[in-house]
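Below is one structure; the comments refer to it alone.
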Number of protein chains: 2
Amino acid sequence: MISLRGICRHYRLGEQQLAALTDIDLDIAQGEYLSIMGPSGSGKSTLLNQIALLDRPTAGTYLLNGRDVTSLPDDELARIRRENMGFVFQFFHLIPRLSAAENIEIPLLLAGIDPSLRKRKVTEAITAIGLAGRSAHRPDQLSGGERQRVAIARATIMQPSTLLADEPTGNLDQATGKQVIDLLEDLNRRGVTLIMVTHDQAIGGRAGRRIRIVDGRIIGAG
Amino acid sequence: MISLRGICRHYRLGEQQLAALTDIDLDIAQGEYLSIMGPSGSGKSTLLNQIALLDRPTAGTYLLNGRDVTSLPDDELARIRRENMGFVFQFFHLIPRLSAAENIEIPLLLAGIDPSLRKRKVTEAITAIGLAGRSAHRPDQLSGGERQRVAIARATIMQPSTLLADEPTGNLDQATGKQVIDLLEDLNRRGVTLIMVTHDQAIGGRAGRRIRIVDGRIIGAG
Ligand SMILES: Nc1ncnc2c1ncn2[C@@H]1O[C@H](COP(=O)(O)OP(=O)(O)OP(=O)(O)O)[C@@H](O)[C@H]1O
Ligand SMILES: Nc1ncnc2c1ncn2[C@@H]1O[C@H](COP(=O)(O)OP(=O)(O)OP(=O)(O)O)[C@@H](O)[C@H]1O
Ligand SMILES: [Mg+2]
Ligand SMILES: [Mg+2]
């Protein structure tokens, strides 16, 4: 259970203050399928980064399974993230000097999975995401949508209890996008909490619950 | 008039050769509105880079207004691009240490436009793309869709005779995407050749002419 109470996040730019998130109250139960939609610049990525413990609020409280995690030190937040969360970034953040397969393997390495099992899991992930034949390519040798799919495979390979995806189909054609959504929804059916930011109305509408962000606030039903 | 004849582009990866484009024949008249669609990894960005003279073919001929530009030296290609083309990259390629306004200003600086006219044009471009209030932000202080719009403003500010856009609405909500497409189509109505790669069927369908790429080849009507 993820509970955000009165979460605010502002940025300082010189003299000015920009309120990116204001008074966010949000409860997300384990296994939910939530979509977050809203105009460009409205605060969706900022909210997802708060939920993922990648960024700290400037006000408010974050309870994770009843525990206040708002003010934990960085290394503790990193441990919680690594053990519980998979994140697909809006711009992927792949490691440039590693191949697609090596990028996807990283969460397995961090979890101490043994080499033969790692190899098998990476091969399965690459096939599931439609990247057979591209596993040796580095990110700069991949198309935009291929990089996006490497990011998705990396985020999902450990079947984390919570999966956060920021625009996971933005660089994909209809058919490939469907393949990705099927993969994510299959994880959700097996109990993974799925929180997806998307600009695609058709995809956002598939979620069990939809929230809309405008100017840093949740509007309508949370 | 852009004429591609027998254009091929392969990549070498170790021992292997990957054919990204094969036997591309394509004529594009001045003022046309062309969309390029197809699966992720099919060669769309590679084709756009060929048309934009950002990349050289491994075989074939490129005639620009009847002149063979296939084997021109780099600095000559750069001059032709600068004087004739605007390019919106799939991942923007903004200059990290410059603000949004400074990024947008660059083509005006390269063209020797005087400071007061530059200032006015940048302000108009920023307003037209919906980024008022964000002009001083650097790219890392902007949302994904805001960066995309800076890239679009930079590509269009000199009203180049040819505009190439690689997934220009991939990070934008419906309303903001429409604002961008209106801007691009307005340029096209004034005589700018508009060549757009898109995964959005609705947007691709608006073009006067649609081509589809699969496995590096144009299929169906060119
Ligand atoms: N470091 C920063 N400093 C100042 N303002 C910032 C910073 N990062 C983001 N912003 C601003 O915060 C607002 C919210 O950004 P965010 O990335 O959350 O938007 P978003 O909803 O994900 O947009 P998009 O749909 O375009 O990806 C934006 O208007 C952006 O300009
Ligand atoms: N430097 C490279 N070396 C080897 N292969 C490459 C290189 N760059 C791209 N490729 C391959 O060439 C193919 C075409 O790439 P391209 O970027 O043109 O695809 P695309 O149609 O734009 O895809 P998307 O819709 O995902 O952006 C891809 O399968 C990609 O893996
Ligand atoms: Mg975003
Ligand atoms: Mg591409």
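Lettering of chains follows the sequences in order, A, B, ..., and the numbering in each one begins at 1.
Looking at B/Ser143, the atoms closer than 4.5 Å to chain A (heavy atoms on both sides) all sit in the side chain, from C-beta outward. Proximity to chain A (any heavy atom under 4.5 Å) is shown, for B/Arg138, by neither the backbone nor the side chain. Proximity to chain A (any heavy atom under 4.5 Å) is shown, for B/Leu172, by both the backbone and the side chain. Heavy-atom distances place the side chain of B/Phe91, and not its backbone, under 4.5 Å from chain A. Of the two parts of A/Gln16, neither the backbone nor the side chain holds a non-hydrogen atom closer than 4.5 Å to a non-hydrogen atom of chain B. In this structure, no portion of B/Gln148 lies under 4.5 Å from any heavy atom of chain A.
Of the listed residues (B/Ser40, B/Gly145, B/Ser42), the greatest number of heavy-atom pairs within a distance under 4.5 Å of chain A belongs to B/Ser40. Heavy-atom pairs under 4.5 Å with chain B peak, among A/Ala136, A/Pro39, A/Ser45, at A/Pro39. Comparing A/His137, A/Gln201, A/Glu146 by heavy-atom pairs within less than 4.5 Å of chain B, the highest count is held by A/His137. Among A/Leu18, A/Leu142, A/Asp200, the residue making the largest number of heavy-atom pairs under 4.5 Å with chain B is A/Leu18. When each of A/Glu167, A/Lys44, A/Arg134 is checked for heavy-atom pairs under 4.5 Å with chain B, A/Arg134 comes out on top.
Under the 4.5 Å side-chain criterion, counting only non-hydrogen atoms from C-beta, A/Ile36 is in contact with A/Val197.
The distance from atom CD1 of B/Ile157 to atom CD1 of B/Ile106, rounded to the nearest 0.5 Å, is 11.0 Å.
Of the candidates A/Asp55, A/Thr58, A/Thr22, A/Arg9 forms a side chain to side chain donor-acceptor pair (under 3.5 Å) with just one, namely A/Asp55.
Salt bridge present: A/Asp27 and A/Arg5 bring a charged side-chain N and a carboxylate O closer than 4.0 Å. A/Asp74 and A/Arg56 are joined by a salt bridge, as a carboxylate oxygen and a charged side-chain nitrogen come within less than 4.0 angstrom of each other. With respect to B/Lys178 and B/Asp173, no salt bridge is recorded, no charged nitrogen being found less than 4.0 Å from a carboxylate O.
A side-chain donor from one of A/Tyr33 and A/Glu185 sits under 3.5 Å from a side-chain acceptor of the other.
Ring geometry for A/Phe89 versus A/His93: interplanar angle over 60°, hence perpendicular rather than tilted (30 to 60°).
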